[in-house]
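This report concerns only the one structure given below.
What you see below is based on every heavy atom in this structure, not just the backbone, and it leaves out hydrogens, waters and symmetry mates. Atoms within a ligand are numbered from 1 in the order they appear, just like the ligands themselves. Positions are given from 1 along the sequence.
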Amino acid sequence: MRGVEMVLTAVLLCGLGVLLGYTEADLVLAGGGLADDNADVYGTIVDLAGGPGVANIGIITTASADPLDSATFYQDLFINTYGAASATWIAVTETSGNADTQEIYDLVMAQSGLFFGGGDQARIMTAWRRPNGSASLGMSAIIALEAGGGVVAGSSAGAACQGNGPMLEGGLSYQALRYGAYAGGYNPDYPDDLCYDELGGLGLLPGYIVDTHFSERGREGRLMKLLLDTEFSGRGLGVDENSAVHIDSNGTAKVLGTAGGVLVVDVSSVEMLDGDYSHFNNATVSYYSEGDVFSTKNDEYVMAEWKSDLTGNEYSQYAPTSSNIFSSPDANHREYGVFRLMSTLLWDSKELSSVHDTYEKNPSFVVTLNKGDGGAYGGYSTSTAVWTISYHRMTVDVNYL
Ligand SMILES: *[C@@H]1O[C@H](CO)[C@@H](O)[C@H](O)[C@H]1NC(C)=O
Ligand SMILES: *[C@@H]1O[C@H](CO)[C@@H](O)[C@H](O)[C@H]1NC(C)=O
Ligand SMILES: *[C@@H]1O[C@H](CO)[C@@H](O)[C@H](O)[C@H]1NC(C)=O
């Protein structure tokens, strides 16, 4: 009976959100590799949870291989570095079997914010979702807390579980383009294949599949391919390392941190072409970086005020090309963030497109980046003095030879 009441409370809170003009509340999604001193990210989480001295942060380390150790680390960080009033470990692990209890429901609801640590997102869903796919009491509490105005934050696996689309569980861009996407989750026999959980994640970010460690590990190909193969009607959101995006109750998203940004991937205008392997045109991607604001619900954006339109002011005549566009781990020296670098250098050149291919051959995928009717902005960061570029609506064509 109590459980039914709690689920009803969640429904009522969601209903209240709808009445007030929003259907979701604050989310902070980080791409992994968060530096302890990334105050833009951690400080924002504490502020959204009520501020220093007030915030009660629930620490969820279900994704971790060592949940207690990970929880101790985050408790120390949130309390001693960022001034949270409390940081309480919500002790749900892959094997604890307690997510569907009143005790965990109450503990989650007693917080003003939640932070999900990294590891493996499959552990989160195994623990928090019931075997029949419905939400446990604890998972209902997570949803109710957020709908009622609490902040839910996560990094790496803790962010990748927040979408409502098919949840990514692994895979490399090359293998994704060559072999396609596999439902049923991670398969140890094919560790490099693109795999996903068709039941989805926690669902706090409707209309999105979330990916992390994004530009660094060259995950652009796998996110495009997952969207295409699952025919998910939403978009992809790829978050870079030591960076995050804060999405408020209106779907207004702000990039946090100075290290990277987020790539929004939209395959709704893709033209599928014939062939034995991935062959398509016109995937649309937008890259937002430090200080930019964009909508998760439409195409609106406002770039950081210190960035200005690059049109006519591009630095170079020519754009470079790469034969390792997805930062293959098989290359002798792993190059991180190749797609991000090649795309920003294209926008800072006079050329209209640049052509790249994958490190892996037979087949080799040919990836063409096109400016099309998109636009780009650049400027020297007011916090780091680093030249930083953002772009809106670049199109990507994929073919093979
Ligand atoms: C799933 O299982 C729970 C009990 O664990 C039950 O209350 C619920 O009705 C089930 N949902 C579905 C959709 O079968
Ligand atoms: C959401 O939009 C409404 C209406 O424009 C506005 O009143 C409200 O302040 C916005 N909320 C946030 C968190 O920006
Ligand atoms: C490519 O997609 C854009 C929208 O992103 C659309 O306006 C355009 O017509 C498409 N181009 C082709 C050739 O399909």
Side-chain angles (χ1 to χ4, degrees), residues 1-11 14 62 92 94-106 108 124-144 164 197-203 207-209 220-221 223-228 231-238 262-275 278-288 294-301 311 339 343 346-347 352-355 366-377 390-399:
M1 233 7 242
R2 207 57 216 287
V4 172
E5 266 173 51
M6 292 305 172
V7 172
L8 279 177
T9 309
V11 169
C14 292
T62 317
V92 173
E94 193 179 16
T95 54
S96 61
N98 58 345
D100 210 8
T101 62
Q102 192 61 47
E103 194 187 344
I104 292 297
Y105 185 99
D106 292 342
V108 169
I124 297 174
M125 299 320 299
T126 301
W128 291 85
R129 189 161 54 203
R130 286 176 180 151
N132 68 7
S134 68
S136 66
L137 279 176
M139 183 169 153
S140 307
I142 293 167
I143 295 165
N164 77 330
D197 179 342
E198 59 276 23
L199 294 176
L202 295 172
Y208 279 85
I209 294 173
E220 298 84 2
L223 189 52
M224 288 189 276
K225 190 63 174 164
L226 183 62
L227 290 162
L228 287 169
E231 299 181 357
F232 177 60
S233 59
R235 296 174 172 185
L237 185 74
V262 294
L263 192 79
V264 177
V265 181
D266 181 349
V267 300
S268 61
S269 297
V270 160
E271 180 191 11
M272 298 300 298
L273 301 164
D274 289 340
S278 295
H279 186 195
F280 57 86
N281 285 342
N282 211 33
T284 305
V285 299
S286 299
Y287 185 73
Y288 303 106
F294 63 98
S295 171
T296 58
K297 308 208 162 161
N298 56 45
D299 261 343
E300 290 169 19
Y301 64 93
T311 313
F339 184 103
S343 57
L346 169 64
W347 284 105
L352 298 179
S353 64
S354 60
V355 183
V366 180
V367 177
T368 306
L369 310 179
N370 309 289
K371 289 180 176 174
D373 61 2
Y377 295 75
S390 311
Y391 58 83
H392 183 69
R393 301 185 74 73
M394 179 178 80
T395 66
V396 183
D397 302 336
V398 173
N399 198 351

Determine the interplanar angle of the His392 and Tyr288 rings, folded into 0 to 90°, and report it as parallel if under 30°, tilted if 30 to 60°, perpendicular if over 60°. tilted

With atoms numbered from 1 as shown, which atoms in ligand 3 lie under 4.0 angstrom from a non-hydrogen atom of Arg393? 4 (C), 5 (O)

Atom 13 (C) of ligand 1 [closest protein heavy-atom partner, distance rounded to 0.1 Å]: Asn132 ND2, 4.4 Å

Taking 4.0 angstrom as the limit and counting only heavy atoms of Asn282, give me the atoms of ligand 3 inside it, by number and element. 1 (C), 2 (O), 3 (C), 8 (C), 10 (C), 11 (N), 12 (C), 14 (O)

Atom 7 (O) of ligand 3: any protein heavy atom closer than 4.0 Å: no

Asn282 backbone acceptor or donor facing Asp397 side chain under 3.5 Å: yes

Specify the protein heavy atom at minimum distance from atom 5 (O) of ligand 1: its residue, its atom name, and the distance to 0.1 Å. Arg130 CD, 3.6 Å

Do the side chain of Ser136 and the main chain of Trp128 share a donor and acceptor less than 3.5 angstrom apart? yes

Flag if over 12 foreign heavy atoms under 6.0 Å of CG, Asn132: yes

On the 0 to 90° scale, with breaks at 30° and 60°, tag the Trp347-Tyr391 ring pair as parallel, tilted or perpendicular. parallel

Please indicate, with yes or no, if any protein heavy atom is found under 4.0 Å from atom 11 (N) of ligand 1? yes

Measuring only between side-chain heavy atoms, which start at C-beta, is Leu227 closer than 4.5 Å to Arg235? no

Nitrogen or oxygen atoms of Asp100 and ligand 1 under 3.5 Å apart: no

